[in-house]
Amino acid sequence: MEVTVSNPARGTAIINLDIEGPVISRHLYGHFAEHLGHCVYGGFWVGEDSETPNEGGIRLDVVEALRALRIPNLRWPGGCFADEYHWRDGVGPRAERPRMVNTHWGNVEENNHFGTHEFMALCELLGAEPYISGNVGSGTVREMSEWVEYLTRDGDSPMVRLRKANGREEPWRVKYWGIGNETWGCGGNMRAEYSADLARQYATYCRDHGDNTLYRIASGASDDDYAWTETLMKQISCFGCEATPKNFFQGVSVHYYTLSGPWDAKGSATVFDTDDYYRTMASAARIDRVLAGHSRVMDVYDPNRTVGLVLDEWGTWWDVEPGTNPGFLFQQNTLRDALVAGLHFDIFHKHAERLHMANIAQTVNVLQAMLLTDGDTLVRTPTYHVFEMNKDHQDASSRAVHLTGDHLHRTVGDTELRTLSVSASVKDGQLLVSLTNLDADRPAEVAIDLRGGSIGTPTARVLTADRIQDHNTAEAPDTIAPRPFDGVTATDRGIALTVPPHAFLTVRAPIA
Ligand code: AHR
């Protein structure tokens, strides 16, 4: 696109400091680790005998990098893998654990060395809450029920005795519990009605043991399949099964991936042109409509908004890197991926009331990863830095942003893509504003018009690069990393800055 000084992109973002919006749950910054490629094996887990520094087999460099993001939760063991995973194969002495074939992901042998105890140890090291995805597709109600008992029950019972025999005396606390995954597809190819009935049945036997209270998440829709959500929501209430009516599940999931084209022509993670880039951004922006659509359906059946929408898989999906196993979903991660993440977070913040959780797919070495490992090396991706720069939105009070301006749109196919995205929150007396300029060529002059309060001196950081295709490698790990941004000024109305093209930027300021 031709850029001239006669058509500068200009925006005014009005933020009312004194009007509190919904709290942005920290769980919107959640993560996902599947037994897929090198996410678990090689990514999180190297085994106790590895030369790579580890604690009980868990890679310490990965833990250290993720702790800096304050990751709130980790979903495991799948994805599609969850519906062929049998938890009993993953407890007890490692050498004696049965093996299986991971039929979804590369047809490789799974040795079950990373199981329940290893996952819970990982969560403890990360300071993250576990989110366990139970097997509906090829499991049984009894198997899932016993897994909950094994993890969370205190006192004495068959599963408690088994846990203790395996070395863990105290029960763990587990809140987030997934009932199946993509039951419309890899999780059993079910119809919505059948899946909803199974969700009720499985949820019934996933008990709250002692004071451990589960948040049960029913396997939900893909993309804009609002009919699936409606079928689930119709089945959510358990009237008459208790003195007080309650819901069978506390959350329903949805999955949405960002692509630049059809599934059979996803394209390269690093070799793409500006048209591919804008198509990607239009696809990413569609998550707003998708979340709004599911929320509207949920409002009909749950007007008090007690049930959570859980976007437990999101992110970009490209062709695998040349020469890698097609079943391992290993992809590079460029500035384009980072801007997709920035845009998603602004949209998540807007939906903070209904959206209880979101989990990027996936944390290490798979799809839109935070970290890429190769042997002992570890690379932080551009997406990692967006999570880090945005981490203070976690548990903050959102502020609505009213954005107006000129030349802030671009036509992409049948979509009008807004090229500037902004969100804001307040926590501990600090204002945090995130801005993503999606325009590949043009800077955006932005006036942040603050009403109902005032601020002290603002500071800012920016994440950008010369090219939208730029990325980090072991040889050049900091090509894309946040840098201080000194082009931010306090004005009598608030803050003024010019966001560079293809950039993600955060501004923070103390509330005066
Ligand atoms: O994240 C990769 C896969 O994508 C998951 O296993 C599945 O749930 C989804 O289709």
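One-based numbering, in listed order, for ligands and for the atoms of each.
Taking distance alone, with nitrogen or oxygen atoms compared against 3.5 Å, Trp317 stays at or beyond that limit from ligand 1. Note: no N/O pair closer than 3.5 Å links Phe32 and ligand 1 by distance alone.
The aromatic rings of Phe81 and His35 lie parallel to each other, their planes meeting at an angle below 30°, with 60° marking the opposite boundary. Taking the six-membered ring where tryptophan is involved, the planes of Trp87 and Tyr150 are tilted, since the angle between them lies from 30° to 60°.
Here the shortest heavy-atom distance to atom 6 (O) of ligand 1, taken over Arg75, His35, Glu313, Glu34, belongs to Glu34. The option from Gln368, His255, Gln362 that lies nearest to atom 2 (C) of ligand 1, judged by heavy atoms, is Gln362.
Contact annotation: for Trp105 versus ligand 1, heavy atoms closer than 4.0 Å belong to the side chain alone. Counting heavy atoms under 4.0 Å from ligand 1, residue His104 does not touch it at all. In Tyr257, the part holding a heavy atom less than 4.0 Å from any atom of ligand 1 is the side chain. With a heavy-atom cut-off of 4.0 Å, Val366 does not touch ligand 1 at all.
Between the side chains of Ser219 and Asn181, not a single donor N or O lies within less than 3.5 Å of an accepting N or O. Donor-acceptor pairing under 3.5 Å is recorded for the side chains of Ser434 and His393. If you check the side chains of Arg336 and Thr280, you find a donor sitting under 3.5 Å from an acceptor. Between the side chains of Asn333 and Thr383, at least one donor-acceptor pair of N or O atoms lies under 3.5 Å.
Residue-ligand proximity, Cys80 to ligand 1, at heavy-atom distances under 4.0 Å covers atoms 5 (C), 6 (O), 7 (C), 8 (O). Using a 4.0 Å cut-off to heavy atoms of Asn181, the atoms of ligand 1 that qualify are 8 (O). Shown in contact with Glu182 at under 4.0 Å from a heavy atom are these atoms of ligand 1, numbered in order with element: 7 (C), 8 (O), 9 (C), 10 (O). Contact atoms of ligand 1 toward Leu367: 1 (O), 2 (C) (distance under 4.0 Å to a heavy atom of the residue).
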I would like to know whether Trp314 and Tyr256 meet ring-ring contact (aromatic ring centres under 6.0 Å, His included); could you show each step before the answer?
CA-CA 5 Å; Trp314 69 273; Tyr256 183 82; 9.8 Å; no
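Heavy-atom neighbours of His209 NE2 from other residues, nucleotides or ligands within 6.0 Å: above the threshold of 12.
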